[in-house]
Structures are given as structure tokens and as C-alpha cells.
Number of protein chains: 2
Amino acid sequence: MDVMTDSQPKLEPAQLGAYFALMEVAGLLRHGVEAQLRDAGDLSYVQFQLLARLGLDSPTGSHRMTDLADGVVYSRSGLTYQASLLEQAGLVERGPAPDDERSVMVTITDAGRERLAQVLPGHVEVLREMFLKPLSGADVTALAALLRPVRDHMRSSPPRSAKPRPRKGTASSR
Amino acid sequence: MDVMTDSQPKLEPAQLGAYFALMEVAGLLRHGVEAQLRDAGDLSYVQFQLLARLGLDSPTGSHRMTDLADGVVYSRSGLTYQASLLEQAGLVERGPAPDDERSVMVTITDAGRERLAQVLPGHVEVLREMFLKPLSGADVTALAALLRPVRDHMRSSPPRSAKPRPRKGTASSR
DNA sequence: TAGCACTGCTTCAGATTCGAAGCAACTCCC
DNA sequence: GGGAGTTGCTTCGAATCTGAAGCAGTGCTA
């Protein structure tokens, strides 16, 4: 529009509106879902996401830790923590990966599937009530179509779970 | 299979897609923004949101605690915590409200405005880079238009910050 | 005006989160 | 095959978030 389109510090109202609405919707939705999950099955949102990813997404019911972390956004250490909790609760099992000794395969157990089935209907209900209610079928499709490219873009540009690790040898040599 | 359309526990793929994409985009975006804010001005996301709300949204630069909490989604106690931190840092001031002795008015200070101005350009930059880049102008408008009604719906249905407080008198007696 | 329920905020203990550091397995290149 | 660098996960300490409980001011009613 004007001289420089590159770094002007202001955003269009629509851009700001989209940003704030997005963050607020996600926050409120997460809050609502979290409460339901706690009531229905004593699961945190993260734990539910992990179970869902294992139980619904994966044919084998297994995933590597890193793959799970990438999907759920959380830090590696946070994932380790939650995976431990799930394992203690008997909802998942952790074992070595067949082809890479470093990796840990997380597998959902029958109890895990059961728990998942137990909370899913209520989860969907909350989703419908809070999120989907004010949207038409076309709206939902449009929304998904708009967000998907953004997600893909975000996934690729910053190495989400692999930060440039500081060189081991602190020496600046070479 | 689907005798009843009301409570069937399954969602359309588009619905699930919209849901997951929404949550993941919001999560990744928040992550990115958080890192930038920390680097540029040593602010957490919440602290930034509070400052932004005070400095940009409000003509007077003041808000009641509760109004802030509603906008930022977080729990009341979390807000108290963050407000304390901001006050310690000299970025806001807390004082009594003129007409209600219970309320606490939070006001942004000059230092707060300065800090806000300091991080804003970078913040916008991250937003553009992560969030707005894959979207056309029309896309952004459409996205905002789709999310706004959802946000309004969520804001109204559950009294977000006013939970039905358990009666003081535990006695169930009449 | 006294009594009583309600609202606004804070305090508190516990749970969850993160980044940095560390250990072990893998890969590449000579 | 040996060594260096890389990757996968865990441990650790510190910061943050949350819900429940508590204190104080307000408004309504008799």
C-alpha cells in the first residue's frame, strides 16, 4: 500500500481481529474441554491428546515420543512427565523401538482405549456446544481450509521440536 | 448405526480437522510469540496481553482485575500473580477503584507503555511471519469473520469467570 | 440500620510446565 | 573401524498456573 509493506509495525484491524479471536477461542475452548475431561475421566487435556493420537490416529496404537511431542506442541520434558503419569495409570506402555534403541515407543493399552471411549462422547458434546454451534457446515469447512495451510506453514518453518542445539564443544575453535 | 443424530459420538472429518487445526495453530503461535516476547522484552505472553489490553485497548490505561481476567482467559489467581509481577517490575500500578472499594484498578505506567512499544514491532513481525504469511487479505478477513461469532458465543454461554460458588453455609438444611 | 447473600481479590498448597544439562545410541566420513 | 557430531529421551531446578478457601466491601431486605 504505502512505501514499505515490509516492516510497518501496525496491523490491519482484520488481522488483529483474527489473531485475538483465534487465541481467545482456542483458550476458552481448551478451558471448557479441560473441565469436561477432568470430570468425565480424570484426564488432563494433554493426556487426552496423547491417548487420542495413539488410539485414533495410529493403526498400531503406537508412536515414538518425538512424534507425539510434535503433534502436541509441548516440550520434550513435559511429554516425558505426562507419559510417565499415563504409564503409572496403566493407560499406556513404554517400550524400546524395534529399529532404534534410543527411541521409546508409547503404546496405548486396553485400559487406555477404554478410558478414551469413556470421555470421547462428552468431549464431542462440549465441542459441539462451545465451538461448532455457531458455525454452519460450510463455515466449518471453510475454517478448516483456512487453518490447515497455516498449521502446515508453522510446522515446517521453525523446527518445532529440534532447536539448534548449542555445540557440545563449547570451544569456538574452527 | 446412526439412528440418532443427536448425540452420536462422531464428528465429521472437517469438524475434527477444524478443531485440531485451531488448537495446534493457536498452540504453535503462542509458542512462537512467547519466545519472541521473552527475548525482546522479558515478558511472558500473559504479561504482554495484560499490557496490551491496558495500553492499547483502554483510553485511560486502566482496567479492573476482573475485566482483565475475562479477556485473558486465565484464572483469577493467575492474574493476581502476574499483576504482582508486573507491578514489581514497575510496568503497572494497582490502586483502589473510585466507586467500588473491593475492586482493584490496574493502570499501565509510562515504563509499561515503553516496554510495550519495545516489544510490539517484533511481536507483529512474528505474527506476520508465522500466522499471516500463508493467508491472503481475504483469507484473514474470512477467518476473523468466522471466529468472531464463536468467540462471542463462548463468552456468553458459560459465565467464564463466575462459577457457581458453593454456598457458604455447608449445611444442606433448607 | 442490622442481617445476609454476593462479588472482587488474594493467599495457599499442589500440580504442571519449561529450558538447560546430561546420558546413551546412531550416523557419517575419513 | 574410530571419532566426532547428531538425535532421542530423561533428570533437574525454577517458574508458573490452578482450584479451593478466606477476607473484605456491597447491595438488598425487613
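Keep in mind that the numbers below use all heavy atoms, side chains included, and drop hydrogens, waters and symmetry copies. By convention in this document, chain letters (A, B, ...) are assigned in the order of the sequence lines, proteins followed by strands, and residues within each chain are numbered from 1.
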Original post:
Rounding to a whole Å, what distance do you find between B:Arg76:CZ and C:dC6:P?
Top reply: 16 Å

Subject >> Euclidean distance, atom CG of residue A:Leu85 to atom P of C:dT16 [Å, nearest integer] >> reply: 6 Å

**OP:** Scan A:Arg38 against the nucleic acid and name what it touches under 4.0 Å (heavy atoms): base, sugar-phosphate only, or nothing.
**Re:** nothing

**OP:** Could you work out which one of C:dC9, D:dG19, D:dC9 sits closest to the side chain of A:Thr80?
**Re:** D:dC9

**OP:** Run the ring-centre check on A:His123 versus B:Tyr19 and record whether the distance is less than 6.0 Å.
**Re:** yes

Subject >> A:Glu34 atom CD, neighbour heavy-atom count above 12 within 6.0 Å >> reply: yes

Original post:
Tell me: NE2 of A:His31 to P of D:dC17, nearest whole Å?
Top reply: 11 Å

**OP:** Take atom OH of A:Tyr81 and atom P of D:dC9, then tell me their distance rounded to the nearest Å.
**Re:** 20 Å

Subject >> Over 12 non-hydrogen atoms of neighbours within 6.0 angstrom of CZ in A:Arg38 >> reply: no

Original post:
Taking for each residue the nucleotide of DNA chain C bearing the nearest heavy atom, is the 5' side occupied by A:Leu79 or by B:Arg94?
Top reply: B:Arg94

Original post:
Does a distance-only test, which skips hydrogens and angles, find a donor-acceptor pair under 3.5 Å between the side chain of B:Ser103 and the base of C:dG8?
Top reply: no

Original post:
Are A:Tyr81 and A:Val104 connected in a single hydrophobic cluster, I mean Ile/Leu/Val/Met/Phe/Trp/Tyr linked by side-chain heavy atoms less than 4.5 Å apart?
Top reply: no

Subject >> Distance, rounded to the nearest Å, where B:Leu68 contributes CG and C:dT10 contributes P >> reply: 11 Å

**OP:** Rounded off to whole Å, could you give me the CG-to-P distance for the B:Leu43 and D:dT16 pair?
**Re:** 11 Å

**OP:** Starting at atom CD of A:Gln88, determine the distance to atom C1' of D:dT10, rounded to an integer number of angstrom.
**Re:** 15 Å

Original post:
When you match A:Glu101 and A:Arg30 each to their closest nucleotide on DNA chain C, which lands nearer the 5' end?
Top reply: A:Arg30

Subject >> Atom-to-atom span, CG of A:Asp99 to P of D:dT7 - whole angstrom >> reply: 17 Å

Original post:
For C:dT17, does either OP1 or OP2 sit under 4.0 Å from a side-chain N or O belonging to A:Gln82?
Top reply: yes

Original post:
Do B:Arg102 side-chain and D:dT26 base share a donor-acceptor contact under 3.5 Å?
Top reply: no

Subject >> Same cluster (ILVMFWY, side-chain, under 4.5 Å), A:Leu50 and B:Leu16 >> reply: yes

